There are 2 protein chains.
Amino acid sequence: MTSRSRKPVGSREVRPDRGIPEATIARLPIYLRALTGLADRGVTSASSEELAGAAGVNSAKLRKDLSYLGTYGTRGVGYEVSYLRYQIAREIGLTQDWNVVIVGIGNLGLALAKYSGFASRGFCVAALIDTDPSRYGEKVAGLEITPLDQLDRVVAECSISIGVIATPANNAQNVCDRLVAAGVSSILNFAPIVLNVPEGVDVRKVDLSIELQILAYHEQRKANSVVDLEAGAL
Amino acid sequence: MTSRSRKPVGSREVRPDRGIPEATIARLPIYLRALTGLADRGVTSASSEELAGAAGVNSAKLRKDLSYLGTYGTRGVGYEVSYLRYQIAREIGLTQDWNVVIVGIGNLGLALAKYSGFASRGFCVAALIDTDPSRYGEKVAGLEITPLDQLDRVVAECSISIGVIATPANNAQNVCDRLVAAGVSSILNFAPIVLNVPEGVDVRKVDLSIELQILAYHEQRKANSVVDLEAGAL
DNA sequence: ACGATTTTGTTAACGCGTTCACAAACTCCT
DNA sequence: AGGAGTTTGTGAACGCGTTAACAAAATCGT
Ligand SMILES: NC(=O)c1ccc[n+]([C@@H]2O[C@H](COP(=O)([O-])OP(=O)(O)OC[C@H]3O[C@@H](n4cnc5c(N)ncnc54)[C@H](O)[C@@H]3O)[C@@H](O)[C@H]2O)c1
Ligand SMILES: NC(=O)c1ccc[n+]([C@@H]2O[C@H](COP(=O)([O-])OP(=O)(O)OC[C@H]3O[C@@H](n4cnc5c(N)ncnc54)[C@H](O)[C@@H]3O)[C@@H](O)[C@H]2O)c1
């Protein structure tokens with residue numbers, strides 16, 4: 001598998017790294033998970049077809065995606081699970097752990113804080129922030145809830161680069177501004193608003209109402225097409 | 001072959017409704033939210049530029065998106081907020097309320113069950129399902145937690161067409177199968193696995209670890225480019 | 001040693017989504 | 001009424017992502 005055609009690692013040549021499409025990036029974590037699943041079941045090698053099946057995509061897309069990273073497979077054989085897994089993890093940046101701060105420890109923030117699944121995927125919840133004085137000092141999953149005005153200190157001390165916003169929508173922009181001011185440059189936003197951030201800061205939003213509304217649209221169409229069929233049958 | 005050739009039209013393709021691109025569908029809820037925000041602030045009319053600003057997209061895209069629904073604006077004037085809002089809501093299927101069942105009332109399921117924001121966006125959490133006998137009958141937000149084996153009855157009685165899966169990953173496919181068997185045809189999945197569903201069933205997944213990993217990738221690239229710059233400056 | 005078989009890596013075609021740019025349609029002012 | 005100004009709706013160009021298809025490279029059997 002590790003034939004002689006390695007990579008010109010270290011050399012500052014035409015960076016193969018430069019142009020990984022965003023759509024591919026978004027699928028790499030899925031491949032990573034599929035590979036982890038295979039590894040857990042003792043599988044050591046897999047073809048693009050098998051991997052694609054486990055990831056829920058077609059094999060042409062999977063191969064194309066992997067080709068942006070390098071040539072980590074062996075023709076006629078497939079991919080070595082653990083090797084490919086490492087390469088993808090490295091590409092995503094999961095050879096290090098990332099520290100995360102959660103701001104807003106209400107219903108949702110609490111669930112996130114208690115969730116054990118982040119740690120195994122390279123993320124460490126390092127701080128919990130709220131503005132409700134009655135909650136200061138309360139311990140959740142071994143971490144104390146800390147006042148918002150200590151955000152700067154906490155972000156610096158824990159080397160936090162990722163922030164999660166789980167406050168009500170009306171505070172979210174303010175919280176976002178403070179996160180950015182504290183040095184956070186990646187934000188995962190659960191509040192249902194459009195955040196404004198300066199250049200260089202990445203925002204991803206998770207909006208559950210939107211997901212439900214998209215489902216509702218298709219649900220309605222399904223219902224209508226049934227009506228159409230019945231009407232057409234008359 | 002693009003030129004004037006409209007569509008393969010085929011049988012009876014008169015419906016303007018038929019061909020709304022998926023990407024547009026995914027943005028309609030954002031426009032809806034922006035319109036609601038404007039309406040709340042007493043704004044009765046808005047240009048595509050204003051609306052686009054509130055929605056975080058550019059105005060050309062917004063106009064194109066709206067053009068798939070119909071011609072609801074007035075040239076030289078803009079869009080009437082309440083009228084457009086109604087038209088979008090109708091298109092998405094929000095003139096009716098949709099009943100939702102949440103399966104798996106743990107950390108996350110609990111947060112979802114308690115969330116008050118769904119009701120105002122056309123969704124009614126109508127049932128809570130778990131398999132932990134010690135939780136049966138427990139009330140959350142006015143609803144009793146119900147055993148999984150009553151899923152069929154509950155789905156039928158409450159006319160539920162949307163299911164939310166918030167169980168551990170190892171049970172999620174089983175839960176999914178049971179939801180489908182019970183008649184649910186739209187599923188929002190929080191478990192980190194790829195669900196297999198029959199034709200006609202829509203699945204959307206919300207995967208927080210993936211979101212964080214995408215952020216981590218960009219974070220790493222930002223860090224690397226700083227290193228590159230410093231190295232280049234020598 | 002070599003042809004048959006498998007499966008990757010990649011090129012080229014295709015399709016979808018975004019953006020540009022402008023005629024058409026409206027309001028307002030004189 | 002008519003001209004100036006505004007803003008929509010949309011055709012066309014463009015770019016990105018997906019898919020199909022196949023040559024290249026590996027293994028296997030004889
Ligand atoms: N709970 C859900 O399932 C759910 C679903 C979809 C979206 N959301 C969104 O997620 C966000 C949180 O929802 P929730 O149900 O957890 O709300 P919540 O009201 O239960 O919790 C909000 C928490 O944020 C804290 N807070 C308020 N202002 C703050 C500030 N400026 N800085 C730090 N903390 C602050 C509050 O003290 C509270 O603890 C909301 O924007 C909501 O719309 C939640
Ligand atoms: N909590 C989070 O913030 C978070 C974040 C990302 C992903 N997730 C995913 O969401 C899912 C739920 O996470 P959680 O933290 O709430 O887990 P949890 O363990 O707190 O809750 C799971 C609940 O599901 C119930 N359950 C188990 N099997 C069931 C079945 N067959 N039918 C019905 N109910 C069943 C359990 O009794 C429990 O109440 C998991 O798949 C997790 O990976 C959670």
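Remember, predicted model here, so these are calculated numbers, not experimental data. Proteins get letters first, then strands, A, B, ... in listed order; numbering begins at 1 in each.
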Task: Any pair counted as side chain to side chain donor-acceptor pair (under 3.5 Å), so long as it reaches residues 180-198 of chain A, sequence neighbours left out - done: A:Ser185-B:Glu219, A:Ser186-B:Glu219
- [ ] Grab the CZ-C1' distance between A:Arg75 and D:dA26 for me, whole Å please.
- [x] 9 Å
Task: Which residues share a side-chain contact (heavy atoms from CB on, under 4.5 Å) with B:Val194, sequence neighbours left out - done: none
Open item on the list: In whole Å, I'd like the distance from the CG atom of A:Asp65 to the P atom of C:dT10.
Closed with: 13 Å
Open item on the list: Rounding to an integer number of Å, can you tell me how far A:Leu66 CG sits from C:dG9 P?
Closed with: 7 Å
TODO: Give a yes/no on whether any side-chain N or O of A:Ser48 is located under 4.0 angstrom from OP1 or OP2 of C:dT8.
DONE: yes
Task: Closest nucleotide among D:dT27, C:dG17, C:dC26 to the A:Val77 side chain - done: D:dT27
Task: Distance, rounded to the nearest Å, where B:Glu80 contributes CD and C:dC26 contributes C1' - done: 15 Å
TODO: Look at the side-chain N and O atoms of A:Tyr79 and state whether any lies under 4.0 Å from the OP1 or OP2 oxygen of C:dG9.
DONE: yes
Open item on the list: In this structure, how many angstroms lie between the P atom of C:dT8 and the OH atom of A:Tyr68, rounded?
Closed with: 17 Å
TODO: Among D:dT18, D:dT8, D:dT10, find the nucleotide with the atom closest to the side chain of B:Ser67.
DONE: D:dT10
TODO: Rounded off to whole Å, could you give me the CG-to-P distance for the B:Leu62 and C:dT19 pair?
DONE: 12 Å
Task: Atom-pair distance (CD1 on A:Ile20; P on C:dG9), nearest Å - done: 14 Å
Open item on the list: So A:Tyr115 and A:Val125, do their side chains get closer than 4.5 Å, heavy atoms only?
Closed with: no
Open item on the list: Please report whether the ring centroid of A:Tyr72 lies less than 6.0 Å from that of A:Tyr79.
Closed with: no
TODO: Take A:Gln173 and A:Asp177 through the side chain to side chain donor-acceptor pair (under 3.5 Å) test and state the conclusion after the steps.
DONE: CA-CA 6 Å; A:Gln173 182 63 58; A:Asp177 294 344; 2.9 Å; yes
Open item on the list: Nearest whole Å is fine: how far is C:dT7 P from A:Leu84 CG?
Closed with: 16 Å
- [ ] Could you tell me whether the side chain of A:Thr44 reaches within less than 4.5 Å of the side chain of A:Glu80, counting heavy atoms only?
- [x] no
Task: Exercise: do B:Ser48 and B:Arg63 side chains pair donor with acceptor under 3.5 Å - done: yes
Between the protein and nucleotides 19-21 of chain D, list the N/O to N/O atom pairs that are separated by less than 3.5 angstrom.
{"unit_1": "D:dT19", "atom_1": "OP2", "unit_2": "A:Asn58", "atom_2": "ND2", "d": "3.1"}

